Amino acid sequence: MRIPALATALGLVLASPAVAQTVAPVLTTPDAHDPHSYARPAEARVTHVALDLAADFDTHVIRGIATLDILAKPGAKLVLDDNGLKIVNITDMAGKPLPYEVGAVDKIHGAPLTVTLNGAKKIRIAYASSPDAKALQWLTPAQTAGKTQPFLFSQGEAILNRSWIPTQDSPASARPGRPRSPSPSNSPR
């Protein structure tokens with residue numbers, strides 16, 4: 001089942017994809033380092049996120065593709081935050097696989113997901129969340145007002161978005177996004 005009204009459930013800053021790919025100078029200084037994120041946005045920063053996701057209400061798993069626009073220094077690796085994601089593959093936009101590594105897991109912060117960009121400015125990450133993703137709350141039909149459809153919402157603050165989106169999970173790395181997840185034909189619009 002696709003997620004109804006995903007845009008209201010996302011903890012992303014939504015804006016036009018035409019946002020300029022520039023970074024405020026203060027965000028490139030050592031003061032911008034977030035100790036609760038593995039990201040190194042001064043080296044490689046996500047500037048836009050597009051999500052194409054499907055929610056499995058039976059298994060409590062979200063599967064899909066995150067397409068990330070990247071602004072990076074030459075030769076830099078992209079470091080994302082990950083907490084329990086199953087990475088299927090990471091490719092550039094031509095479909096060429098990109099090397100990646102999931103680092104050591106910390107019980108609070110999750111793990112770094114490091115991607116060798118090989119010059120790519122836009123990448124696709126195929127992945128799935130785990131059934132116990134901390135940011136996702138799955139309601140049965142009995143728990144909803146209409147009592148007929150299940151409901152899913154996300155609550156990604158403070159550092160929980162990394163449990164369902166491969167992301168730079170820090171306020172200093174906020175970026176515009178574009179979710180795509182069509183509603184089932186029988187859901188209200």
Side-chain angles (χ1 to χ4, degrees), residues 3 6 9-13 27-28 30-73 75-92 96-118 120 122-139 152-175 177 179 181:
I3 305 169
L6 180 63
L10 285 175
L12 297 174
V13 178
L27 296 178
T28 63
D31 292 335
H33 173 73
D34 183 343
H36 300 289
S37 174
Y38 294 106
R40 298 190 307 244
E43 297 174 31
R45 170 181 297 274
V46 176
T47 60
H48 187 266
V49 178
L51 299 172
D52 187 1
L53 305 173
D56 185 329
F57 282 84
D58 294 327
T59 63
H60 293 182
V61 170
I62 288 182
R63 290 178 183 80
I65 296 175
T67 302
L68 310 179
D69 291 357
I70 312 297
L71 182 63
K73 292 181 177 178
K77 293 183 179 185
L78 175 66
V79 181
L80 302 170
D81 295 300
D82 168 358
N83 195 348
L85 300 175
K86 178 185 175 207
I87 305 300
V88 177
N89 64 47
I90 302 177
T91 66
D92 64 14
K96 181 179 177 186
L98 295 174
Y100 68 91
E101 177 183 357
V102 177
V105 176
D106 173 87
K107 69 179 184 175
I108 295 172
H109 298 107
L113 170 58
T114 304
V115 182
T116 302
L117 295 170
N118 292 336
K122 193 171 199 172
I123 65 171
R124 285 193 178 122
I125 303 174
Y127 73 98
S129 67
S130 100
D132 60 351
K134 293 177 183 176
L136 301 178
Q137 297 189 32
W138 302 84
L139 302 181
L152 165 64
F153 68 96
S154 68
Q155 194 163 349
E157 73 278 339
I159 59 170
L160 300 180
N161 277 328
R162 65 190 71 187
S163 73
W164 73 286
I165 305 170
T167 188
Q168 291 179 321
D169 200 3
S170 169
S173 299
R175 85 269 336 130
S181 191

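Being a predicted model, the structure only gives us computed values, none of them experimental. Numbers here are sequence positions counted from 1.
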Residues forming a side-chain hydrogen bond (donor to acceptor under 3.5 Å, both in side chains) with Asp58, sequence neighbours excluded: none
Give, for atom CZ of Arg40 and atom CD of Gln168, the distance between the pair rounded to the nearest 0.5 Å. 10.0 Å
Quick one: list whatever passes side-chain contact (heavy atoms from CB on, under 4.5 Å) with Leu98, sequence neighbours left out. Ile90, Asp92, Val115, Asn118, Ala120, Ile123
Going by the rule salt bridge (Lys or Arg N to Asp or Glu O under 4.0 Å), which residues pair with Lys122 if we only count those two or more places apart in sequence or in a different chain? Asp69
Return the set of residues passing salt bridge (Lys or Arg N to Asp or Glu O under 4.0 Å) with Asp81 (not counting sequence neighbours), or none when no residue passes. Arg162
Rounded to the nearest 0.5 Å, how far apart are CG of Asn83 and NZ of Lys107? 12.5 Å
Looking at every non-hydrogen atom in both residues, tell me the closest pair between Ser129 and Ala133 and how far apart they are. CB-CB, 4.3 Å
What heavy-atom pair brings Ser170 and Asp34 nearest, and what distance separates the two atoms? OG-OD2, 2.6 Å
Return the CD1 to OG distance between Ile159 and Ser37, rounded to the nearest 0.5 Å. 8.5 Å
How long is the span from the OH atom in Tyr100 to the CG atom in Leu78, to the nearest 0.5 Å? 14.0 Å
Identified side chain to side chain contact (heavy atoms under 4.5 Å, CB included) counterpart of Ile125 within the set Thr67, Thr91, Thr167, Leu80: Leu80
Sequence neighbours left out, what passes side-chain contact (heavy atoms from CB on, under 4.5 Å) with Glu101? Give chain and number order. none
Under the rule for side-chain contact (heavy atoms from CB on, under 4.5 Å), what residues qualify as partners of Ala66, not counting sequence neighbours? Leu51, Leu68, Tyr127, Pro166
State whether the side chain of Thr47 and the backbone N or O of Leu71 hold a donor-acceptor pair below 3.5 Å, judged by distance alone. no
What residues form a side-chain hydrogen bond (donor to acceptor under 3.5 Å, both in side chains) with Thr59, not counting sequence neighbours? Asp56
Do Leu113 and Leu85 have side-chain heavy atoms sitting under 4.5 Å apart? no
Out of curiosity, Ser130 OG to Ile62 CD1, how far, rounded to the nearest 0.5 Å? 11.0 Å
Could you tell me which residues satisfy side-chain hydrogen bond (donor to acceptor under 3.5 Å, both in side chains) with His109, sequence neighbours excluded, listed by chain and number? His36, Asp106
Partners of Ala76 by side-chain contact (heavy atoms from CB on, under 4.5 Å), sequence neighbours excluded? Glu43, Ala44, Ala72, Lys73
side-chain hydrogen bond (donor to acceptor under 3.5 Å, both in side chains) against Thr114, all qualifying residues, sequence neighbours excluded: none
Which atom names give the shortest non-hydrogen contact between Gln155 and Leu160, and what distance separates them? O-CD1, 3.8 Å
Taking all heavy atoms of Tyr38 and all of Gly110, pick out the closest pair and write down the distance. OH-O, 3.2 Å
So, taking the atom named NZ in Lys134 and the one named CG in Asn161, what distance separates them when rounded to the nearest 0.5 Å? 13.5 Å
